[in-house]
Structures are given as C-alpha cells and as structure tokens.
Amino acid sequence: IVGSAIALELKRRGIDTLLIEADEPGMGTSFGNVASIAVTEFMPASRPSVWRQIPGWLLDPEGPVRIRPSYLPKALPWLLRFAAAGLPSRMRALEAANAALCKRVHQDLQVLLKASGQENMLTDTGCLCLYANDQEMRDDREHLAALDRHNVPYKHLSGAELRALEPAISPNIARAVLFADNRSVKSPYGLVIGYVKAFEKLGGKREKGQVVAFTREANMISGVRLADGRVIAATQVVVACGARTHLLSKLLGDIMPLESERGYHTQIMQPGISLSHSLIWPAKAFMITPTAGGIRVGGTVEFGGLDAAPDYRRSAITVRRAKEALPALQDKESTQWMGHRPSFPDTIPVIGPSPSVQGVFYATGHGHLGLTQSATTARLIADLVAGVKPPIDMTPYRANRF
C-alpha cells in the first residue's frame, strides 16, 4: 500500500516513475491488514501500560504477544531498543511525531482516492473501542488522555447505546468509546489495485522483478539491478519494501533496526451476524472489521522472523476472542493469513532520504499503521523527491536516528 500510494502520487505530479514489484501488486502485507484507517492509534507501542501487561501476555500461550524461542536471540537487540523507547523522557516526542502524520491522514487520503476513482472505498462508520468493565477503561486511560492532548474527538457510549449501534455485541461488554474518524476500507487489496491501475492510466510503468543490488556514480544513485541481471537506470529511487526494506538499505550502507511483527487474520465470509462498525478490544488486543465481503478478525504480534512458517493457531486464538465480543459469530467459509508488519522499536516510520547515497529515499516501518499513513507518506516522499518543502517537520522520521 505504501509503495503503490507513492507511485501514484509521484506520477500524479508528472514525475516519470517505474514501479518495481517482486510479486503481483497487493499480494503482500497489504492484502491482509484489518482495513482500518486508525488515526487515533498514534501512541508509541512501548509505554508503561503495555509493559505492565507484557509479562502476562508472554506467559499466556494464547496471549496477544509471542516470541518464538528460537528467534529470541535475534530479536533481543530490537526488544531492548523497544524498551528504551518507552522511557518517559521519549514518550511525548514519539507520540507527537506519529500524531503529526495521523492528523494529515484524511486530507491526504482523499487526494489519492479521488485520483484513483475510489471515493467510495471508505465506510461511513467509525470504530468502537470495547471495555468489559470500568477497570478495562481505566487501563486504557493513557490512550484517551493522548487523544485529549491532540484534540482528537471521541464519544463515550453506555452498554445500551453500544448495542443500539451493534446488536450482535455481547451484553458482557459494559461500555465503549466511538472513534468516528477511524473509518474502514471496504477492500484493502482493492485499494492497492485501484492505485496501481490509476498509476498506469497516468502513464506509469510497472516491472516485475526482485531488486538485488544498486548501481552508483560517485555517491549518487544511478540504477537498480534485478535478480535476472538487468540494470534499470534511475536518478532517484524510493525503497518501500515493508519488512524487507532493511535488506536493501544494508546494501546502501544504511543499517536499520527493522523487525517483522508477524500478524494473523481470519477472513470469515459467512459470519452469521451483521456488523457495520469495526471493533477493537484493547484488553484482548484484537480487532474485527467488516471488509472484503465478510468479517475480518485480526491481531496478535509474533516475533519469528521473515522466513518461519505461519502458526495458524494464532488466528484461531483471535477468533475465539472475537466470539467473546460477538457470541453469535460463526466462522463458516473462513480463510487464514499471516503477514509481516514492518516495525521500528520506537514505532515511528522512516520517511526520508538515505544518509549514505544521494537520490535514495526510504518509506518503511509503519508498523500497525501502514494503511493508515500510506497516503500521507506518499505526499511527504513526493515532496522530498520533487524538492518541495513538506508540510511538517521531517526530522523525527530520518533514517539515521537510531
């Protein structure tokens, strides 16, 4: 989603652009995200309320966070950086950096939706944040306080008001908060394909191939080399390869602490219930969204690297959790999926130039907010490529901040 949005924005500005994909567009992580434009979710993931819960999550075999034992030595440096990002002295700055992106989301997204003829891709409803009791809401007070600091609107709902909006929700859910601006995408895959088609309609070109090296003249980028030996000349290159971006950045001399937060979903095509809002239950750390012609249940974070086989027991866990919120939910005609969220330990993306090679730009590390921040990232990268001053301070997103 990030790469296709950037390609469309560059071409929309009249910049000659070639989009290189190792696979078909839309078949990576963006195929299976939970379809949420989550503009309220800008708090750093490493924060006191999360750290208090992590030991219990790790000890629970069905908890929302899992580290494969064999992968722990490799993940440990990233996890230590993640812990450091949660220091009180850093929290507000990281929060402000992500909030600056989220505040621009809807205005930037509307530009690309219009450019691709997908104005109807967003739902009209928001997201309901569920709390089984008052204690769960108190545990989430950091999040609501952050929304207040940044003047992000939300609305408290009683249990009766909640079920008036969504009758399928369990009576055991005592209250909720409505995030009206957290809209949903009707088809995440369709959105990517729509961007790519609009890019091609404007004259943009596509090439299927795997980039394995770069060519340079002095300290300037001059092209990319594909696995089949071809070299494609370029004076500027944007590297937006999700959780694999660090493999290419290393070739350019830029070392990035990028990790895959492996996420799972179950797409249910015969759920047996109707649902118009997306749902998130912070205490259970999962999300439910009506999308792609059915209901998608997603969540969980697994550290296991890029190459380990999926453990679809993680998908089954989130479905069981979802049935606690939606007792009548059925999982007939369902499929399971796993994808790689590209994440930096400070949970802020890298958006900006390479510190090592002129003409190279990075757009990666959006974590759980790739779909949410994709259009804004496209706007910012296109400004940098075109030599236009971006509308926000780009310092927090620099590639050499680690």
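Keep in mind that this is a model prediction, so the values were computed, not measured.
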Main-chain N/O of His277 paired to Glu166 side chain as donor or acceptor, under 3.5 Å: yes
Which atom of Ala132 lies closest to which atom of Trp281, heavy atoms considered: CB-CZ2, 3.9 Å
Pair Arg68 + Glu302, salt bridge at N-O below 4.0 Å: yes
Whether over 12 other heavy atoms sit under 6.0 Å from Gln135 CD: yes
Smallest separation among heavy atoms of Val357 and Ile221, with atom names: CG1-N, 3.7 Å
Leu112 side chain near Glu9 side chain, heavy-atom distance below 4.5 Å: yes
Flag if over 12 foreign heavy atoms under 6.0 Å of CG, Asp148: yes
His106 side-chain N/O to Asp181 backbone N/O, donor-acceptor pair under 3.5 Å: yes
Close side-chain approach of Val301 to His368, heavy-atom, < 4.5 Å: yes
Residue pair Leu19, Glu200: steps toward the side-chain contact (heavy atoms from CB on, under 4.5 Å) verdict: CA-CA 10 Å; Leu19 176 61; Glu200 292 180 305; over 6 Å; no
Minimal non-hydrogen separation, Ile392 against Leu101, with atom names: CD1-CD2, 3.8 Å
Pair Glu207 + Arg230: basic N to acidic O under 4.0 Å: yes
Minimum side-chain heavy-atom gap Leu122-Val185 below 4.5 Å: yes
Of Arg401, Arg81, Arg47, the residue whose pairing with Asp346 passes salt bridge (charged side-chain N to carboxylate O under 4.0 Å, His left out): Arg401
Neighbour count above 12 (heavy atom, 6.0 Å) for Lys103 NZ: yes
Expected output: side-chain Asp228 to main-chain Gly209 donor-acceptor under 3.5 Å: no
Side chains of Phe42 and Val152 in contact at under 4.5 Å (non-hydrogen atoms): yes
Salt bridge flag under 4.0 Å for residues Glu324 and Lys284: yes
Glu119, CD: over 12 other non-hydrogen atoms inside 6.0 angstrom: yes
Separation of Ile20 CD1 from Ile232 CD1 (nearest 0.5 Å): 4.0 Å
CD1-CZ distance between Ile288 and Arg321, expressed to the nearest 0.5 angstrom: 12.0 Å
Heavy-atom pair of closest approach, residues Cys127 and Ser278: CB-OG, 3.2 Å
Parallel, tilted or perpendicular, as decided by the 30° and 60° cut-offs, for the rings of Phe31 and Trp337: tilted
SB check Glu24 Lys208 (cutoff 4.0 Å): yes
Short side-chain to backbone donor-acceptor contact, Tyr131 and Val177, under 3.5 Å: no
Reported CD-to-CZ distance for the pair Gln267 and Arg296, which is rounded to 0.5 angstrom: 4.5 Å
Basic-acidic side-chain contact under 4.0 Å: Arg206, Glu21: no
Donor-acceptor contact below 3.5 Å, side chain Ser46 vs main chain Gly86: yes
Heavy-atom pair with the smallest gap, counting every atom of Pro77 and Lys74: CD-O, 3.4 Å
Polar side-chain atom of Thr17 near backbone of Ile15 as donor-acceptor pair, under 3.5 Å: yes
Nearest heavy atoms of Ala213 and Leu251, plus distance in Å: CA-CD1, 4.1 Å
Evaluation steps, salt bridge (Lys or Arg N to Asp or Glu O under 4.0 Å), between Arg175 and Asp134: CA-CA 8 Å; Arg175 58 196 304 181; Asp134 290 344; 2.8 Å; yes
Distance (rounded to the nearest 0.5 Å) between Ser354 OG and Leu252 CG: 6.0 Å
Student check: side-chain heavy atoms of Ile295 and Leu326 closer than 4.5 Å: no
Expected output: side-chain Arg66 to main-chain Pro61 donor-acceptor under 3.5 Å: no
Evaluation steps, side-chain contact (heavy atoms from CB on, under 4.5 Å), between Ile348 and Phe344: CA-CA 6 Å; Ile348 305 298; Phe344 288 113; over 6 Å; no
ring-ring contact (aromatic ring centres under 6.0 Å, His included) assessment of His143 paired with Phe179: CA-CA 12 Å; His143 182 208; Phe179 302 138; 5.6 Å; yes
Neighbour count >12 (heavy atoms, 6.0 Å) for atom CZ, Arg149: yes
Close side-chain approach of Glu261 to Phe303, heavy-atom, < 4.5 Å: yes
From Leu162 atom CG to Leu128 atom CG, the distance as rounded to the nearest 0.5 Å: 6.0 Å
Verdict with reasoning, Ser249 to Asp254, per side-chain hydrogen bond (donor to acceptor under 3.5 Å, both in side chains): CA-CA 5 Å; Ser249 73; Asp254 297 323; over 6 Å; no
Exam field: side chain Thr289 to backbone Thr291, donor-acceptor pair closer than 3.5 Å: no
Gap separating the CG atom of Leu258 from the CG atom of Leu247, nearest 0.5 angstrom: 8.5 Å
Arg104 and Thr376: side chain donor to acceptor below 3.5 Å: no
Whether Asn98 side chain and Thr347 backbone form a donor-acceptor pair below 3.5 Å: yes
Steps toward side-chain contact (heavy atoms from CB on, under 4.5 Å) verdict (Met137, Asp140): CA-CA 5 Å; Met137 175 164 273; Asp140 202 33; 5.7 Å; no
Note, Met256 side chain near Phe402 side chain (heavy atom, < 4.5 Å): no
Verdict with reasoning, Leu113 to Tyr195, per side-chain contact (heavy atoms from CB on, under 4.5 Å): CA-CA 8 Å; Leu113 291 179; Tyr195 282 173; 4.3 Å; yes
Electrostatic pair Lys323-Asp331, nearest N-O below 4.0 angstrom: yes
Side-chain (Ser36) to main-chain (Ser184) donor-acceptor, under 3.5 angstrom: no
Phe214 side chain near Val237 side chain, heavy-atom distance below 4.5 Å: yes
Whether Phe82 and Trp78 hold their rings parallel, tilted or perpendicular, with breakpoints at 30° and 60°: parallel
